[in-house]
There are 2 protein chains.
Amino acid sequence: MMLSYTEENYLKALLKLSFQNEDKPEAGTNEMAAYLGVKPATATDMLKKLKEKNLVSYQKYGKILLTDIGRKSGIAILRKHRLWETFLYEKLDFSWDEVHEVAEQLEHIQSAKLVDKLEEFLDFPEFDPHGDPIPKANGEMPVITKTLLSELKNGDVCKVAAIKDTSTLFLQYLEKLHITIGTNLSVIEVIAFDGSLNIQIEDADPRSVSMKFAESLFVQR
Amino acid sequence: MMLSYTEENYLKALLKLSFQNEDKPEAGTNEMAAYLGVKPATATDMLKKLKEKNLVSYQKYGKILLTDIGRKSGIAILRKHRLWETFLYEKLDFSWDEVHEVAEQLEHIQSAKLVDKLEEFLDFPEFDPHGDPIPKANGEMPVITKTLLSELKNGDVCKVAAIKDTSTLFLQYLEKLHITIGTNLSVIEVIAFDGSLNIQIEDADPRSVSMKFAESLFVQR
DNA sequence: AATATTTGTTAGATTACCCTAACTTTATTA
DNA sequence: TAATAAAGTTAGGGTAATCTAACAAATATT
Ligand SMILES: [Mn+2]
Ligand SMILES: [Mn+2]
Ligand SMILES: [Mn+2]
Ligand SMILES: [Mn+2]
């Protein structure tokens, strides 16, 4: 099916929201509009079009759910986004916080061959530079159990698995701390007072990080 | 300056036409419209906008000429186009006739860093897969004297330098004949009757090619 | 249950790009 | 040079994506 640049962005947004709203993979109009930076009225209009094309199912004043086709299309875009991010990071020396913006554009390039060849060129990466799983050509995606650093207890050790908050400020802060995907962390002490943590980053001297920090980082035990 | 996808295509078209119309680097409205596959009325509309933005200079019913800014912008797009074609051909194993279509999309990605990093990644290529020169970051472009194969005489030898007609049919025919950029050719005989040529391709047995063929291939003596 | 708040929709307008049909200007040709 | 042909413009209209303002429905609060 032929999708416009904009329609693709709506589908990807709905997919992302469906991951985010863990309980039910639904989204609301305002939520979607806020995510995309448009007004609710605009989102409603587009919703009608997407429904017409059988990409979402919803009723007036009801919740929005992607159809099978809609989800498949969304995943295809996410796949492109993450492959391009990996390309920029691995091959063109882009930094962590620079890849997303350009991938937002590259994800809309239409060419089945391009995506698959790119994946091959990158040697079939499983995760993007932020630790997020890259969907396969068939739409499959490794489901990984995500643990937040903030859920760990005194003495726990872990590896950084993925970034929850991918804002530039956070990514740049991580870089400053020499934290990247795969970095080993150990929790020395959780401070009950404010939820901050004393952690050791690889072999460096222990240091304190805030609760907000610990809630923005996914780790693997 | 912020240019839309469409504005970029108009500028690139004008640049291409300015190369094509060797004598004067001008273009007409109809010519431009035909090149872009739009109607003359549409081209006129866009022309007004481009003039407003100081990208072209022209008067009603007059000829169209790119301004310095307009030409610079056009060259920047051409640079991206040819770098991407090179990437697809060299790194992703795209064939000769497949690169153009995808590059038409990729040329519109906005990121100064991306272009320059891509160029570095490709090791600063001078020519794209069709033998066309790739503009440098500063806008400079090697000016090469183009000789058509059809201009050669009996006994002349040459190397294939670039492709004039980049249609899929021609590119696929060239592939079949094992002709690529750099292939050595020697003209055995020019047939006066119909302008066809007997040529030898590298060490293969001599064969005949049509005048149309010889007029579609640029060579270097 | 009544009211207030939040959420979502509709109506009407705008901008970018494109079209057809009718017209005007410039160039060619008899 | 007058008629014809070619080239270019204008007027009016369509679609996609966006907006603001006004309204309607659903949900939460008293
Ligand atoms: Mn991203
Ligand atoms: Mn996008
Ligand atoms: Mn090309
Ligand atoms: Mn283009």
Side-chain angles (χ1 to χ4, degrees), chain A residues 1-14 17-18 20-21 23-66 70 73 77 104-105 107-108 110, chain B residues 1-14 17-18 20-21 23-66 70 73 77 104-105 107-108 110:
Chain A
M1 187 172 347
M2 200 47 213
L3 298 176
S4 75
Y5 189 107
T6 308
E7 286 169 335
E8 290 194 343
N9 278 340
Y10 276 85
L11 291 181
K12 195 183 62 156
L14 285 170
L17 289 173
S18 83
Q20 218 165 285
N21 303 345
D23 35 340
K24 295 251 161 147
E26 299 173 331
T29 305
N30 288 359
E31 192 185 11
M32 187 170 107
Y35 189 90
L36 285 162
V38 299
K39 300 290 159 172
T42 308
T44 300
D45 277 356
M46 179 57 81
L47 234 37
K48 285 180 194 162
K49 206 199 309 183
L50 294 178
K51 186 181 178 177
E52 200 52 50
K53 290 193 173 186
N54 250 295
L55 296 163
V56 304
S57 78
Y58 97 117
Q59 328 263 24
K60 235 204 256 187
Y61 293 103
K63 289 298 173 188
I64 311 155
L65 209 62
L66 284 170
S73 306
I77 299 156
E104 279 295 304
Q105 300 177 59
E107 75 192 7
H108 301 289
Q110 316 266 192
Chain B
M1 186 171 348
M2 198 48 212
L3 297 176
S4 75
Y5 189 106
T6 309
E7 287 169 334
E8 290 194 343
N9 278 340
Y10 276 86
L11 291 181
K12 196 184 61 157
L14 285 170
L17 288 172
S18 84
Q20 217 165 286
N21 303 345
D23 35 339
K24 294 253 161 144
E26 298 173 333
T29 304
N30 288 358
E31 191 184 12
M32 186 170 108
Y35 189 91
L36 286 162
V38 299
K39 300 290 157 170
T42 307
T44 300
D45 277 357
M46 180 57 81
L47 232 37
K48 285 180 193 161
K49 206 197 311 181
L50 294 177
K51 186 181 180 178
E52 200 52 49
K53 290 192 172 187
N54 250 295
L55 297 162
V56 304
S57 78
Y58 96 117
Q59 328 262 24
K60 236 205 255 188
Y61 294 101
K63 290 297 172 187
I64 312 156
L65 209 62
L66 284 170
S73 307
I77 299 156
E104 280 294 302
Q105 299 177 59
E107 75 193 7
H108 301 289
Q110 315 267 190

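The chains referred to below are lettered A, B, ... by the order of the sequence lines, with proteins before strands, and numbering in each begins at 1. Since the structure is predicted, the reported quantities are computational estimates derived from the model, not experimental observations.
Between A:K12 and A:E104 there is a salt bridge, with a side-chain nitrogen of the basic residue lying less than 4.0 Å from a carboxylate oxygen of the acidic one.
Using a 4.5 Å heavy-atom threshold, the side chains of A:M32 and A:L14 count as touching. Between B:K53 and B:E7 there is a side-chain heavy-atom pair separated by less than 4.5 Å. Looking only at side-chain heavy atoms (C-beta outward), A:L36 and A:M46 stay at 4.5 Å or farther from each other.
Within the nucleic acid shown, A:T44 comes within 4.0 Å of at least one base atom, counting heavy atoms only. A:Y5 comes within 4.0 angstrom of nothing in the nucleic acid, heavy atoms only. Using a 4.0 Å heavy-atom distance criterion, B:T6 is classed as a sugar-phosphate-only contact. B:A43 comes within 4.0 angstrom of no nucleic acid atom, judged by non-hydrogen atoms across all strands.
Contact record, A:P40 with A:T29: O-CG2, 3.8 Å, taken as the closest heavy-atom pair.
Rounding to the nearest 0.5 Å places OH of A:Y5 at 11.5 Å from CD of A:Q110. From B:N30, atom CG reaches atom OG1 of B:T44 across 8.0 Å, with rounding to the nearest 0.5 Å.
Partners of A:K51 by side chain to side chain contact (heavy atoms under 4.5 Å, CB included), not counting sequence neighbours, listed by chain and number: A:V56, A:Y58, A:Q59.
A side chain to side chain contact (heavy atoms under 4.5 Å, CB included) with A:P25 holds for exactly one of A:L66, A:I64, A:L65; it is A:L65.
Of the residues in residues 26-40 of chain A, those lying under 4.0 Å from DNA chain C by heavy-atom distance are A:G28, A:T29, A:N30, A:P40. Near DNA chain C, defined here as any heavy-atom distance below 4.0 Å, the residues from residues 55-65 of chain A are A:Y58, A:K60, A:Y61, A:K63, listed numerically.
Protein atom CG of A:D45 is 15 Å distant from nucleotide atom P of C:dA13, rounded to whole Å. For the pair B:M46 CE and D:dG8 P, the computed distance is 17 Å after rounding to whole Å. As rounded to whole Å, 10 Å separates atom P of D:dT18 from atom CD of A:E7. Between the P atom of D:dA16 and the CD atom of A:E52 lies a distance of 12 Å, rounded to the nearest Å. Rounded to an integer number of Å, the gap from A:M2 CE to D:dT15 P is 18 Å.
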